[in-house]
Amino acid sequence: MSMEISREILPSLIAFARKNSPFYGDLYRALPETIHAIEQLPVLSQQAFWEANRLEGGQLLTGAMHDGIVLKSGGTTGNPKFSVFSRTDWNVFVTAFSRGLALGGLQDGDRVANLFYVGELYGSFLFTHKALEECPKRVMQLPIAGATTPDDVYRFITEFKATVLAGVPTTMMSLVDHIDKVGGDPAASAVRLILFAGEAMYPDQRARLEACFPGVEIRSIGYASTDAGLLGFADLSCGPNEFRCYDDDALFEIIDEETGSPIVAPGIEGLAVVTALRRHLMPILRYPVGDRARWVDAHGTAHRKFLLRGRSDESARVGPVTLYPEDVRSVLASFPACQGACDFQLLTIHRDGKDGLILRIGNRNADPALSAQIIAAIYEHRPMYGQLLAQGKILPIDIEWVDATALEINPRSGKLKRVIDRRFA
């Protein structure tokens with residue numbers, strides 16, 4: 001992070017949020033009038049943050065929603081989470097991302113097939129489309145979208161000789177399955193680069209893509225989210241799950257979850273936390289991203305490199321689907337056998353080229369016949385999970401009934417691990 005930019009922007013951004021957002025005004029009430037260092041601010045509680053962000057009676061925004069864009073950030077049908085960008089905030093966000101995108105292997109003249117999802121307030125397709133428009137590399141766009149059938153996707157990318165595919169890994173794997181099924185001719189494809197986002201790309205998936213598209217390069221399109229905004233870009237020096245900081249636009253921190261102190265040294269894993277330096281309508285100040293990370297480069301390095309290490313306790317990511325523990329808790333609370341002392345944790349796994357979820361419930365006395373009802377209720381609350389399951393893109397939810405003492409805890413603090421990511425083990 002550029003110290004000059006931090007000193008210039010941070011105090012005024014914090015003052016603006018305190019003055020115009022009731023949520024931040026109340027949160028920072030006991031803090032000094034002028035804040036000079038990010039460490040003076042508390043790390044946000046995601047639960048409190050989203051409770052303050054309501055369409056009716058919301059306390060988070062600094063002004064009215066009169067221009068820009070509203071995007072869905074996750075949550076269940078009954079408790080949707082949405083992010084708001086003013087027109088200015090949106091343009092700054094996308095333009096900065098496009099500069100990082102240009103460093104990831106795109107070439108002038110590339111034909112980019114946009115296979116991200118669009119509609120129902122999802123932002124990945126629109127965001128990628130606009131980022132490619134603003135990209136310093138001159139490219140031709142093919143706006144195909146993720147809901148297009150694999151047969152049509154293959155037809156479009158071969159007819160228009162797409163050189164780049166951009167989408168979530170589950171979509172790429174569906175395309176590979178289709179090509180294998182119909183006996184597609186790799187020679188008919190001009191694809192040389194695959195850009196993915198929204199979930200991790202695992203070695204088994206990379207191997208299948210490389211076999212399907214000989215000589216293809218596979219890279220992340222960049223690291224960003226609808227709620228947190230800019231997080232990192234992947235240049236040609238970055239390996240799998242490695243990114244570099246957007247020094248001028250976001251302050252990326254890695255925090256020790258026990259002490260709350262920033263981690264400075266390389267190689268030590270902690271919680272990813274971000275501050276968006278140029279976002280004003282919906283301020284993001286020390287927001288927990290929901291991922292774990294560790295530094296790769298030395299402290300003080302420009303555009304410092306970091307490595308993602310899976311999800312934290314904030315949420316479980318299964319393919320492109322996000323499940324929040326509080327939403328699962330509300331589902332369980334609707335079943336009498338799971339009320340009271342019944343606790344749980346979410347385990348994300350990867351098997352047979354797909355992500356999956358194990359819901360481990362600490363109640364040996366419950367009737368295992370409840371499992372099917374609980375799973376059905378989760379699918380009802382999070383329709384996207386059921387839709388992707390029906391398409392064969394992710395694994396079905398499995399439930400394990402265990403003794404409460406079998407639930408994993410943090411050995412240092414004794415706290416229950418709400419989300420455990422087994423995919424990076």
Side-chain angles (χ1 to χ4, degrees), residues 94 97-120 122-202 205-224 226 233-234 236 240 319-320 353 384 387-388 391-393:
V94 177
F97 186 87
S98 73
R99 293 194 296 268
L101 174 59
L103 301 174
L106 282 178
Q107 299 175 0
D108 289 334
D110 270 329
R111 298 185 178 190
V112 185
N114 186 346
L115 304 179
F116 285 104
Y117 283 85
V118 66
E120 299 186 35
Y122 288 108
S124 58
F125 180 93
L126 295 174
F127 179 78
T128 301
H129 179 82
K130 188 169 177 62
L132 289 168
E133 281 188 336
E134 300 294 331
C135 185
K137 301 293 184 180
R138 298 173 62 87
V139 300
M140 177 67 69
Q141 297 201 55
L142 303 175
I144 299 173
T148 306
T149 65
D151 183 60
D152 284 337
V153 171
Y154 186 57
R155 177 169 58 84
F156 285 135
I157 67 174
T158 52
E159 285 182 353
F160 289 93
K161 295 181 171 56
T163 58
V164 181
L165 306 182
V168 297
T170 50
T171 298
M172 304 297 179
M173 300 317 298
S174 293
L175 176 60
V176 171
D177 288 341
H178 174 76
I179 293 173
D180 287 346
K181 181 179 179 181
V182 302
D185 179 12
S189 168
V191 175
R192 64 167 194 85
L193 176 65
I194 291 176
L195 298 174
F196 68 92
E199 52 185 296
M201 179 77 77
Y202 300 96
Q205 295 172 323
R206 288 178 179 272
R208 288 199 65 197
L209 288 168
E210 289 166 351
C212 183
F213 302 105
V216 73
E217 184 179 3
I218 303 171
R219 305 189 62 81
S220 171
I221 198 172
Y223 183 30
T226 300
F233 66 91
L236 296 180
M384 188 179 182
Q387 293 164 6
L388 291 172
Q391 296 167 15
K393 295 181 177 180

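Only heavy atoms go into these numbers, but all of them, side chains included; no hydrogens, no water, no symmetry mates.
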Side-chain heavy atoms of [X] within contact of [Y], under 4.5 Å:
X: Ile144; Y: Ile157; answer: yes
X: Val164; Y: Val191; answer: no
X: Phe213; Y: Leu165; answer: yes
X: Ser98; Y: Glu133; answer: no
X: Tyr154; Y: Leu175; answer: yes
X: Leu142; Y: Asn114; answer: no
X: Ser174; Y: Lys393; answer: yes

Pairwise distance [atom1]([X]) to [atom2]([Y]) - rounded to 0.5 angstrom:
X: Arg219; Y: Leu195; atom1: CZ; atom2: CG; value: 8.5 Å
X: Met140; Y: Leu132; atom1: CE; atom2: CG; value: 12.0 Å
X: Glu217; Y: Leu209; atom1: CD; atom2: CG; value: 13.0 Å
X: Gln141; Y: Cys135; atom1: CD; atom2: SG; value: 9.5 Å
X: Gln107; Y: Arg138; atom1: CD; atom2: CZ; value: 15.0 Å
X: Tyr117; Y: Tyr122; atom1: OH; atom2: OH; value: 10.0 Å

For [X] and [Y], work out which heavy atoms get closest and say how close.
X: Ile221; Y: Ala166; answer: CD1-CB, 4.3 Å
X: Cys212; Y: Ile179; answer: SG-CD1, 3.6 Å
X: Leu193; Y: Val216; answer: N-CG2, 3.7 Å
X: Pro320; Y: Val168; answer: CB-CG1, 4.3 Å
X: Pro169; Y: Ala197; answer: CD-O, 3.7 Å
X: Phe97; Y: Ala131; answer: CD2-CB, 4.0 Å

| With under 30° as parallel and over 60° as perpendicular, where do the rings of Phe156 and Phe160 fit, or are they tilted in between? | tilted
| message | Around atom CD of Glu159, are there more than 12 heavy atoms from other residues, nucleotides or ligands closer than 6.0 Å? | response | yes
| message | Tell me if a side-chain donor or acceptor on Thr148 pairs with a main-chain N or O of Ala145 at a distance below 3.5 Å. | response | yes
| task | Pick out which of Val112, Thr163, Leu101 makes a side chain to side chain contact (heavy atoms under 4.5 Å, CB included) with Val139. | result | Val112
| task | Under the salt bridge (charged side-chain N to carboxylate O under 4.0 Å, His left out) rule, what do Glu210 and Arg208 come out as? Steps first, then yes or no, please. | result | CA-CA 5 Å; Glu210 289 166 351; Arg208 288 199 65 197; over 6 Å; no
| field | Asp152 and Thr149 side chains, donor-acceptor separation under 3.5 Å | value | yes
